[in-house]
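What follows is a set of notes on a single structure, which appears directly below.
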Amino acid sequence: MYVNETVFQGRPKQRRSAVEEAIFDRLDELGISYLRVDHDHADNMDDCRAVEQVLGSRICKNLLLCNRQKTDYYLLMMPGDKPFKTKDLSAQLGVSRLSFAEPDAMARLLDTTPGSVSALELLFDREGKVRLVIDRELLEDTCISGHPGISTSTLRLDREDMLAYLASTGHTPVYVTLPRPAVE
């Protein structure tokens with residue numbers, strides 16, 4: 001996978017998609033600075049490891065989940081290197097049978113596609129249909145990252161700036177503690 005070795009500060013000079021531009025605009029409105037790395041599509045955590053090396057911080061895993069009836073949606077932010085088990089989250093949220101949301105739900109709710117989901121897209125959930133869930137371990141990092149609408153760029157924000165951005169979208173996080181598997 002190709003990763004541009006240059007770490008950029010702020011938005012790109014050339015125009016990007018409307019989704020990316022809207023995210024960059026909100027960050028600018030809030031006066032939030034960020035670092036950016038451009039790369040080939042990084043659609044899974046293995047691809048993101050190469051981006052981590054250039055960006056200089058761990059990548060945040062973002063998962064869009066739903067209940068069995070597909071009436072309730074959850075965006076989970078957690079450390080990228082941490083394995084995810086639905087039963088651990090389901091128990092803490094009091095929701096049975098969580099599963100991964102379908103691509104059409106990603107497009108409808110967050111204006112994004114599989115592999116590109118990040119909390120930055122909560123900007124597009126104007127009706128508040130997606131509940132934000134953050135694994136407390138993620139808050140141990142000083143920075144949090146995410147794709148700005150498409151997985152060909154990754155942004156690194158200071159933790160407090162990311163939380164301010166999320167608050168500006170009207171999403172109040174629910175905090176959970178997801179276990180790490182025991183090391184044998």
Side-chain angles (χ1 to χ4, degrees), residues 1 3 16-27 34 36-52 55 57-67 70-86 88-90 93 95 98-135 137-139 141 143-157 159 161-163 165-176 178:
M1 183 180 105
V3 178
R16 298 281 180 102
S17 72
V19 170
E20 288 174 284
E21 290 292 330
I23 291 169
F24 295 139
D25 288 346
R26 175 61 61 93
L27 290 164
Y34 52 92
R36 187 186 88 250
V37 171
D38 295 330
H39 46 77
D40 288 341
H41 276 278
D43 296 333
N44 58 57
M45 293 312 298
D46 288 333
D47 291 342
C48 288
R49 284 188 186 82
V51 177
E52 285 179 334
L55 201 52
S57 68
R58 291 193 311 170
I59 298 291
C60 174
K61 185 184 295 184
N62 296 271
L63 304 173
L64 185 62
L65 306 163
C66 63
N67 64 353
K70 298 182 182 173
T71 55
D72 297 322
Y73 291 88
Y74 307 85
L75 179 71
L76 172 63
M77 297 174 66
M78 64 184 290
D81 63 343
K82 192 176 205 180
F84 172 67
K85 295 191 176 167
T86 57
D88 296 329
L89 182 60
S90 293
L93 295 178
V95 177
L98 280 176
S99 62
F100 293 99
E102 299 290 328
D104 68 316
M106 291 178 190
R108 185 177 78 257
L109 298 168
L110 300 176
D111 209 0
T112 194
T113 59
S116 294
V117 172
S118 88
L120 295 168
E121 286 90 49
L122 286 171
L123 175 68
F124 305 107
D125 179 34
R126 292 177 186 90
E127 295 178 17
K129 295 191 182 281
V130 179
R131 287 182 56 196
L132 174 61
V133 181
I134 300 176
D135 182 357
E137 185 181 331
L138 187 65
L139 301 178
D141 291 343
C143 299
I144 298 177
S145 60
H147 301 304
I150 185 137
S151 65
T152 55
S153 286
T154 303
L155 307 184
R156 183 180 95 184
L157 285 73
R159 177 187 58 234
D161 286 340
M162 176 63 92
L163 294 174
Y165 175 90
L166 296 172
S168 83
T169 69
H171 291 81
T172 302
V174 172
Y175 293 97
V176 296
L178 299 174

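Below, each value reflects all heavy atoms present in this structure, side chains not excepted, and no hydrogens, waters or symmetry copies.
Nearest heavy atom pair, residue Leu64 against residue Met106, reads CD2-CG, 3.6 Å. Heavy-atom minimum distance, Ile59 versus Cys48: CG1-O, 3.6 Å. Closest non-hydrogen pair, Val3 versus His39, comes out as CA-CB, 3.9 Å. Summarising the geometry of Ser145 relative to Leu55, their closest heavy-atom pair is CB-CD2, 4.4 Å, with the distance given to 0.1 Å. Closest of all the heavy-atom pairs between Ser151 and Gly115 is CB-O, 3.3 Å. Across every non-hydrogen atom of Ser57 and Arg156, the tightest pair is OG-CD, 3.0 Å.
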Exercise for the section: Apply side-chain contact (heavy atoms from CB on, under 4.5 Å) to the pair Val95 and Tyr74, showing each step before the final yes or no. Expected result: CA-CA 11 Å; Val95 177; Tyr74 307 85; 3.2 Å; yes

Handout entry: Intermediate values then yes/no, side-chain contact (heavy atoms from CB on, under 4.5 Å), His147 and Asn62
Key = CA-CA 10 Å; His147 301 304; Asn62 296 271; over 6 Å; no

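Looking only at side-chain heavy atoms (C-beta outward), Leu75 and Leu109 stay at 4.5 Å or farther from each other. At a threshold of 4.5 Å between non-hydrogen side-chain atoms, the residues Asp72 and Arg131 do not count as touching. At least one side-chain heavy atom of Glu102 sits less than 4.5 Å from a side-chain heavy atom of Lys70. Residues Phe124 and Ile23 have side chains in contact (heavy-atom distance under 4.5 Å, counting atoms from C-beta outward). With a 4.5 Å cut-off on side-chain heavy atoms, Cys60 and Met162 do not count as touching. Between Leu122 and Tyr165 there is no side-chain heavy-atom pair separated by less than 4.5 Å. No side-chain heavy atom of Arg159 sits less than 4.5 Å from a side-chain heavy atom of Asp141.
Contacts of Arg36 classified as salt bridge (charged side-chain N to carboxylate O under 4.0 Å, His left out), with partners at least two apart in sequence or in another chain: Asp38. Annotation: side-chain hydrogen bond (donor to acceptor under 3.5 Å, both in side chains) contacts of His171 (sequence neighbours excluded): Asp125, Thr169. Under the rule for a side-chain contact (heavy atoms from CB on, under 4.5 Å), the partners of Pro103 that lie at least two apart in sequence or sit in another chain are Pro114. Residues that satisfy the salt bridge (charged side-chain N to carboxylate O under 4.0 Å, His left out) test with Asp88, not counting sequence neighbours, are absent from this structure. By the side-chain contact (heavy atoms from CB on, under 4.5 Å) test, Thr152 pairs with His41, Ile150, sequence neighbours left out. With sequence neighbours excluded, the residues satisfying salt bridge (charged side-chain N to carboxylate O under 4.0 Å, His left out) with Lys82 are Asp135, Glu137. Under the side-chain contact (heavy atoms from CB on, under 4.5 Å) criterion, Ser17 pairs with Val19, Glu20, sequence neighbours left out. Residues meeting the side-chain contact (heavy atoms from CB on, under 4.5 Å) test with Phe100, sequence neighbours left out: Leu63, Leu65, Phe84. With sequence neighbours excluded, the residues that form a salt bridge (charged side-chain N to carboxylate O under 4.0 Å, His left out) with Arg49 are Asp46. Evaluation of the side-chain hydrogen bond (donor to acceptor under 3.5 Å, both in side chains) rule for Ser118 yields Glu121 as partners, not counting sequence neighbours. With sequence neighbours left out, the side-chain hydrogen bond (donor to acceptor under 3.5 Å, both in side chains) criterion links Ser90 to no other residue. Partners of Glu52 under the side-chain hydrogen bond (donor to acceptor under 3.5 Å, both in side chains) rule, at least two apart in sequence or in another chain, do not exist in this structure.
Judged by distance alone, with hydrogens and angles left aside, the side-chain atoms of Arg16 form no donor-acceptor pair with the main-chain N or O of Pro148 at under 3.5 Å.
With rounding to the nearest 0.5 angstrom, the CG atom of Leu139 is 6.0 Å from the CG atom of Leu163. In this structure, the separation between OH on Tyr34 and OG on Ser153 is 9.5 Å, given to the nearest 0.5 Å. How far CG of Leu120 is from CG of Leu27: 6.5 Å, rounded to the nearest 0.5 Å. In this structure, Ile144 CD1 and Ile134 CD1 are separated by 6.5 Å, a value rounded to the nearest 0.5 Å. Remark: Leu138 CG to Leu178 CG distance equals 10.5 Å, nearest 0.5 Å.
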